[in-house]
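See structure below.
What you see below is based on every heavy atom in this structure, not just the backbone, and it leaves out hydrogens, waters and symmetry mates.
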Amino acid sequence: MKSGIRVFKDRGITARGNLLSRGDFRLNRDIAEEKIRKESGDFFVAQAEEMLEEEIPFLPLSLYRDFSLTAVRSRFERKHHRRRAMLLSLTLAEAYERKGRFVEKIADVLWAILEETTWVLPAHCYHSTLMPGTGVPEIYDETQMPGLDLYAANCCAAVALTKYLLKEELDAISPVICKRVEHLVYLRGVRPFASVPYGWSGEFGGNCNNWVTNITSNILLACALCTEDMELRTRVADRAMRYLDNFTACYPEDGSCDEGPGYWSGAGGNYFDCLELLDDMSGGKIQVYDHPLVRKMGEYIADVHIAGKYFLNFSDAHPKIEPEGKLIVRYGEKCGSPELYSFGRMAAAVNSRTRGRFFGMAYRVYKDALIPEITEAEEVKAKKQHWFDGNKIAVFRENARAGDGLFLAVKGGNNNESHNHNDVGCFVVYADGKPLIVDPSHGSYDNGFFGPTRYGRWYMKSSYHNIPTVDGIVQKNGGEFASSEEIFDGVNNTVSLELKNAFPKEAGILSMRRSCTLDDGEIRVTDAVKLDHEGEISFNYLCVDEPKQLSPGRLALSAEREFLYDPDGVELVLEKVENTWLPYEDLNFRSNWDRDCLWRICLLAKSAEKTVTVTVR
């Protein structure tokens, strides 16, 4: 359910007359001294020292063409990403140390990036206005607009930050380097952003996703650091606010991210980066931190936390993520949410790895490096139940303390959400912070992942999302395939929803009512299915460990937890789900679940009407 909220437009905020010139602008104006802290500096120096003797990855034409020929993204992207990681690590190490020992290497890496024909990924060439069809980057002149994807914007921000931090050192080698940075940032980022409403911008309707906020935050940084022209700075800021309004208009009023928590960093997190940058660019005149939707967008990441590194992984999200704690702390402080602030401190204390995360986050990595380390985790009390009405997601906890007792989450919604899986009705169960019944996550991004073969992959199908199938028929993708009649009962820790409309008509489903309850130390899931014919109904449950049958109707899901059902009228089938089904490395069970395979419980019934209740205790 879209909110329709346009934060900047509703408040009548525009950039004209509110922006600082580049000379008066100060990045990170909310930090007293723009100085990299020792803990972060030592981290970057250690990385940079290893990179001094490292060869700059070579990106030949054959490697760029590789995606168009093989549909494999990783071979090009691994080297492409490494160049940018090297640039930022070396830059931040030199900005901290100021000894000059990394400058020559920085200049070489920066120049290699500046010599790239395009900063758009091969897999994203469809965002080019010229639509290249040969797998070879197009030639652009001053009259043509290049493509502007996530990575072109990310690159604009990275090279702009390098120029900002090390202009004097680079000018000592040659003033041409920084001039070329400004020239290419203008040609490949700032001018296209200010001139062309790309498909990701939300200007043509449809849903917006993290591309809007990620690209906008990076172009705002690049513009702030590299653009003198006040008229152009104003156009960029005004267009940024319009695109951000397109984004929030598509967001549910409850702040829930339909792309899942794995994409929150690039969605709600990058939205907050944009707010900080607009604040800096205007000297504090443009501020909307206090808007209720802004606060709810932030609090979402705390509300979908399960325990440790586990978060709800509906849609294209991995079950384990490490959110940027310092970002969340700032978010909580500025939007006035003590709960989010405390959650951010907890995340910062346990997720030190995020200091080295460079994908699309040059601004955030640098800003975090200016803030003291947070080493003491605060006690965080989560809501024991929560209902996200916009995306129809219910969350129940046996105890408010993360990882203590049972956790249940249930998803309704529709099958046209951003990064959608056909998963209307999916539920997950965790016990004492450990996964029991799960959403499988997703496979490798390739040329079919967002194309016509997407929903042919098993991990996209409803039958592997703990949802019944009828005569082998699974849910379909599309906004019309949705849940209905959702009822959330916070008093009795119950949610129920009708799933029949998520399936095609040929399934012959008159009703498929799912009810889920967490009560008295156990979780119960009841599915009442009515068909217009006698068919085979398979009630499916995806588990992380091999279920062990203890007796009829009783399985062990782990050493501590059991799975109970009435065996009358159903046949039990246990199925091993492993990578032999899939293309090489298509789904990494080891990184997602610390296991080499998953298991599926199938309870098969032949009937026109069947009700099955399973209990986890």
D594 meets the salt bridge (Lys or Arg N to Asp or Glu O under 4.0 Å) criterion, sequence neighbours left out, with K320

Could you pull out all donor-acceptor pairs under 3.5 Å where a side-chain atom in residues 336-347 meets a protein atom, sequence neighbours excluded?
residue	atom	partner	partner atom	Å
S337	OG	E299	OE2	2.7
S337	OG	E339	OE1	3.4
S337	OG	L340	N	3.1
S342	OG	P338	O	3.1
S342	OG	E378	OE1	3.1
R345	NE	E378	OE2	3.0

Less than 6.0 Å separating the ring centroids of F427 and H465? no

message: Are F503 and F481, when compared by the centres of their aromatic rings, separated by less than 6.0 Å?
response: no

Residues passing the side chain to side chain donor-acceptor pair (under 3.5 Å) test with E333, sequence neighbours excluded, are none

Residues passing the salt bridge (Lys or Arg N to Asp or Glu O under 4.0 Å) test with D489, sequence neighbours excluded, are none

Heavy atoms of other groups near E376 CD, more than 12 under 6.0 Å
no

For T469, the side-chain contact (heavy atoms from CB on, under 4.5 Å) test, sequence neighbours excluded, returns S463, V474, S538, N540

Those residues at least two apart in sequence (or on a different chain) that pass side chain to side chain donor-acceptor pair (under 3.5 Å) with S511 are E498

Problem set entry | K434, NZ atom: more than 12 neighbouring heavy atoms under 6.0 Å | no

Sequence neighbours excluded, the answer for side chain to side chain donor-acceptor pair (under 3.5 Å) partners of K548 is E546

The salt bridge (Lys or Arg N to Asp or Glu O under 4.0 Å) partners of D439 (sequence neighbours excluded) come to none

Across all chains, not counting sequence neighbours, the side chain to side chain donor-acceptor pair (under 3.5 Å) partners of D258 are none

Sorted by chain and number, sequence neighbours left out, salt bridge (Lys or Arg N to Asp or Glu O under 4.0 Å) with D545 holds for R595

List the atom pairs, donor and acceptor, that lie under 3.5 Å between side-chain atoms in residues 561-570 and the rest of the protein, sequence neighbours left out.
residue	atom	partner	partner atom	Å
R561	NH2	D432	OD2	3.3
E562	OE1	R554	NE	3.2
E562	OE2	R554	NE	3.2
E562	OE2	R554	NH2	2.8
D566	OD1	D568	N	3.0

Between H318 and F311 (judged by ring centroids, cut-off 6.0 Å), do the two rings come close enough to count as a pair? no

Residue Q549 excluded, over 12 heavy atoms near CD under 6.0 Å: yes

In short, ring-ring contact (aromatic ring centres under 6.0 Å, His included) pairs touching residues 373-416 with sequence neighbours left out are Y300-F388, H386-F388, W387-F488, F396-F488

